[in-house]
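Notes follow the structure.
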Amino acid sequence: MIRSDLIKSISAAVELDKRTCGEVVSAMLEEIYTVLENGGKYTQPGFGVFDTHVNKGKIARNPFTKQKMRYPEKRTVRFKPAKILKDTLNAE
């Protein structure tokens, strides 16, 4: 599913025009981005949790040139699905 499909589905479900639904989706995503940028976490009950994690910097070696390289710390986003979502996906 892509963004436009999501907007179509939401607009049909709540009976709003696509433009308004697009603005709502954009505002929601912007708010989630802001929370994650500030190091917080976003929890959606029944769906899961998005949070940030800091990967430590490391020194690695290029296998071709044998030169050592330093990789800096990096922040990434993690997602942990809710138990309800996992159970639904794995239902037989």
Side-chain angles (χ1 to χ4, degrees):
M1 175 179 270
I2 60 174
R3 181 187 170 98
S4 60
D5 295 337
L6 177 65
I7 292 170
K8 284 179 193 176
S9 297
I10 293 172
S11 69
V14 297
E15 298 176 358
L16 286 174
D17 62 298
K18 291 178 187 173
R19 182 176 185 186
T20 304
C21 287
E23 292 171 0
V24 169
V25 168
S26 294
M28 183 184 79
L29 291 175
E30 278 297 318
E31 194 60 34
I32 293 171
Y33 294 159
T34 302
V35 167
L36 293 174
E37 275 181 342
N38 295 330
K41 68 179 182 178
Y42 172 74
T43 304
Q44 179 64 49
F47 185 69
V49 178
F50 292 92
D51 67 345
T52 56
H53 175 72
V54 177
N55 291 329
K56 294 181 183 177
K58 63 181 179 179
I59 296 176
R61 189 173 52 87
N62 183 330
F64 297 109
T65 64
K66 311 292 189 223
Q67 181 181 10
K68 289 185 178 180
M69 300 170 60
R70 173 150 170 58
Y71 289 96
E73 278 189 355
K74 211 190 272 194
R75 286 181 12 173
T76 60
V77 176
R78 287 185 176 176
F79 174 71
K80 182 179 180 190
K83 184 177 184 323
I84 296 169
L85 177 60
K86 288 192 285 187
D87 292 344
T88 303
L89 293 174
N90 294 312
E92 293 181 20

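Values reported hereafter were calculated over all heavy atoms of this structure, with side chains retained and with hydrogens, waters and symmetry mates removed.
Cluster annotation: Val35 is not connected to Met28 through the hydrophobic network of ILVMFWY side chains, with a link wherever side-chain heavy atoms come within less than 4.5 Å. Follow the hydrophobic side-chain contacts under 4.5 Å out from Leu85 and you reach Val77 in the same cluster. A single hydrophobic cluster is not seen to contain both Ile84 and Phe79; linkage of ILVMFWY side chains at heavy-atom distances under 4.5 Å, directly or through other members, places them apart. In the hydrophobic cluster analysis, where Ile, Leu, Val, Met, Phe, Trp and Tyr join through side-chain heavy atoms closer than 4.5 angstrom, Val14 is grouped apart from Val24.
For the pair Tyr33/Tyr42, no side-chain contact is recorded, criterion being any heavy-atom separation below 4.5 Å from C-beta on. The side-chain heavy atoms of Ile32 and Gln44, taken from C-beta on, include no pair separated by under 4.5 Å.
Heavy atoms only, all atoms of each residue included: Ala60 and Tyr71 are closest at CB-CE1, 3.5 Å. Minimum interatomic distance between Leu16 and Cys21 (heavy atoms only, all atoms of both residues): CB-SG, 3.8 Å. Residues Asp51 and Leu36 approach most closely at CA-CD2, 3.9 Å, considering heavy atoms. Minimum interatomic distance between Gly57 and Glu73 (heavy atoms only, all atoms of both residues): N-CG, 3.6 Å. The two residues Arg75 and Glu37 come nearest to each other via the heavy atoms NH2-O, 2.9 Å. Between Gly46 and Ala82 the shortest heavy-atom distance is C-CB, 3.8 Å.
Rounding to the nearest 0.5 angstrom, the gap separating the OG1 atom in Thr52 from the CZ atom in Arg78 is 9.5 Å. Distance CZ/Arg19 to OG/Ser11: 14.5 Å, rounded to 0.5 Å. Interatomic distance, OG of Ser9 versus NZ of Lys18, reported as 10.0 Å (0.5 Å rounding). Taken to the nearest 0.5 Å, the OG1 atom of Thr43 stands 10.5 Å off from the NZ atom of Lys80.
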